[in-house]
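First comes the structure, then the notes that go with it.
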Amino acid sequence: MFRANLIGFGLAVGSSAFIGSSFIIKKKGLQRAGASGSRAGSGGYGYLLEPLWWIGMFTMIIGEFANFVAYMYAPAVLVTPLGALSIIVSAVLAHLLLKEKLKKLGMLGCVLCVVGSTVIVLHAPGEHSISSVEEIWELAIQPAFLLYVTSAVAVVVLLVLYCEPRYGQTNIMVYIGVCSIIGSLTVMSIKAVGIAIKLTLEGYSQVSHFKSWVFAMVAATCIITQLNYLNKALDTFNTAVVSPIYYAMFTTLTILASAIMFKDWSGQSASSIVSVLCGFVTVLSGTMVLHSTRDPEKPPSTDYSVLTPQISWVVHANGEIWKQKETNDLQHEYVAIIQPDHFK
């Protein structure tokens, strides 16, 4: 058990390093793509032709794969909070490569995120053993989790159809909200797929089960949606702000979804539950501190007003007035330039 947890811990740390780096690499790619075409934050997909973005995407895939394997060796309550390390990696790299200044209070916010995650790891509930995909399916269709899924989908639809057109470019919580909510469903479906793969490798094939493919399709759909809105968030707002807020919301909702679906809290003492809640408060406090020290990037202005041509009148020292032409070179004797509305 200790060796398995140690392997999962190492994979989770490596995953955080790759994912934190991918934020910066992908944003560099988004910046290059936005300089020559429509930005992702404005609905453009020019970044798909940018090699640097694909390098960042490949880096994120490596990190997510390591994270996926980590769930096979260690419980989710150990793996998920370690994602806080990606905040530190992305914040430091953003400071060094993107010139997004990280102030001392921002560093304190990162430390709070790590401390809160550590508390969660030490006191989070254990994971129940799952022996088949059928068992996960029964957990997925229980009324409590169906209510969570329905609520999550309703909030996402509201954010996408109503909030995004109105507040997407000014409120970071719109894009991050979609990423985090969909991300919690992604982890649940990915965990189901991971268990199916693990059981298959152990000799209990789950490939023939239709429900395994349902979980796989749900996971693919959620991943595509999650990445799309994460790109919009990175292209619109400061990386050092996106990363911690995304982590806090994603981790909170993921552990909440896991607690509802897998009943992680059953049999836990009140002190353990309170300790985990305190860990969450610490993490959220860290994100708020970091957010308060960073200024979101202003989206490029696309409102170009029509310039009305004006004629300048040049007053000669002897009182003679005539229109200025572009070919006329002003001499020292020109003492005033009067606009047409000067005498209004």
Side-chain angles (χ1 to χ4, degrees), residues 64 67-68 70-72 75-81 83 120 124-164 168 173-199 206 209-233 245-268 273 276-277 280 283-284:
E64 293 294 350
N67 196 55
F68 174 74
Y71 279 109
M72 295 184 180
V77 292
L78 173 63
V79 175
T80 304
I120 294 173
E127 186 178 50
H128 297 290
S129 176
I130 303 296
S131 58
S132 68
V133 173
E134 292 290 342
E135 186 176 346
I136 300 179
W137 183 265
E138 293 299 324
L139 294 173
I141 61 175
Q142 60 182 317
F145 188 70
L146 287 178
L147 178 61
Y148 175 83
V149 173
T150 303
S151 302
V153 172
V155 173
V156 167
V157 171
L158 177 65
L159 289 174
V160 171
L161 298 183
Y162 180 80
C163 297
E164 182 181 357
M173 300 307 295
V174 175
Y175 294 147
I176 297 300
V178 175
C179 292
S180 302
I181 295 172
I182 295 297
S184 67
L185 301 179
T186 300
V187 172
M188 298 302 101
S189 55
I190 283 291
K191 186 172 183 179
V193 174
I195 291 175
I197 294 175
K198 183 178 180 181
L199 291 173
Q206 304 292 312
H209 291 268
F210 175 73
K211 297 180 178 67
S212 298
W213 296 101
V214 172
F215 283 122
M217 288 185 291
V218 171
T221 303
C222 290
I223 289 173
I224 293 173
T225 304
Q226 187 178 352
L227 289 177
N228 182 36
Y229 279 89
L230 180 59
N231 285 329
K232 291 184 178 183
I245 295 179
Y246 172 58
Y247 162 77
M249 291 190 63
F250 169 72
T251 302
T252 302
L253 292 175
T254 297
I255 294 182
L256 175 62
S258 181
I260 295 174
M261 181 173 176
F262 296 102
K263 303 184 185 303
D264 293 331
W265 299 105
S266 61
Q268 296 297 311
I273 296 176
V276 171
L277 292 177
F280 277 127
V283 172
L284 295 177

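All figures in this text were calculated on a predicted structure; none of them were measured in a lab. Heads up: numbering here begins at 1 and tracks the sequence.
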Query raised in the report: Are F250 and I176 close enough that some pair of their side-chain heavy atoms sits under 4.5 Å apart?
Result: no
Requested in this report: Go through V156 and Y229 one step at a time and tell me if the side chain to side chain contact (heavy atoms under 4.5 Å, CB included) criterion holds.
Outcome: CA-CA 11 Å; V156 167; Y229 279 89; over 6 Å; no
Query - Residue pair T186 / Q226, side-chain donor-acceptor N/O under 3.5 Å - result: yes
Requested in this report: With side chain to side chain contact (heavy atoms under 4.5 Å, CB included) as the test, would you mind laying out the steps for K263 and Q142 before giving the verdict?
Outcome: CA-CA 11 Å; K263 303 184 185 303; Q142 60 182 317; 2.9 Å; yes
Report task. Would you give the length of the straight line joining atom CD of E64 to atom CD1 of I223, rounded to the nearest 0.5 angstrom? Result -> 7.5 Å
Report task. Mind checking the CD1-CD1 spacing from I182 to I224? Nearest 0.5 Å is all I need. Result -> 12.0 Å
Requested in this report: Determine whether W213 and V133 make a side-chain contact, defined as any pair of heavy atoms from C-beta on separated by less than 4.5 Å.
Outcome: no
Requested in this report: Kindly indicate whether the side chain of M188, heavy atoms from C-beta on, has any atom under 4.5 Å from the side chain of T254.
Outcome: yes
**Report entry** Contact check, side chains of L147 and I260, non-hydrogen atoms, under 4.5 Å
**Finding:** no
Requested in this report: Drop me the distance from Y175's OH to E164's CD, to the nearest 0.5 angstrom.
Outcome: 4.5 Å
Report task. Verify side chain to side chain contact (heavy atoms under 4.5 Å, CB included) between F145 and L139, making sure each step is shown before the conclusion. Result -> CA-CA 8 Å; F145 188 70; L139 294 173; over 6 Å; no
Query - OG-CE distance between S189 and M217, expressed to the nearest 0.5 angstrom - result: 11.5 Å
Query raised in the report: Would you say S184's side chain and I181's backbone share a donor-acceptor pair under 3.5 angstrom?
Result: yes
Report task. Dump the intermediate steps for side chain to side chain contact (heavy atoms under 4.5 Å, CB included) on M173 and I245, then the final yes or no. Result -> CA-CA 8 Å; M173 300 307 295; I245 295 179; 3.9 Å; yes
Query - Distance, nearest 0.5 Å, that separates CE of M261 from CG of L146 - result: 10.0 Å
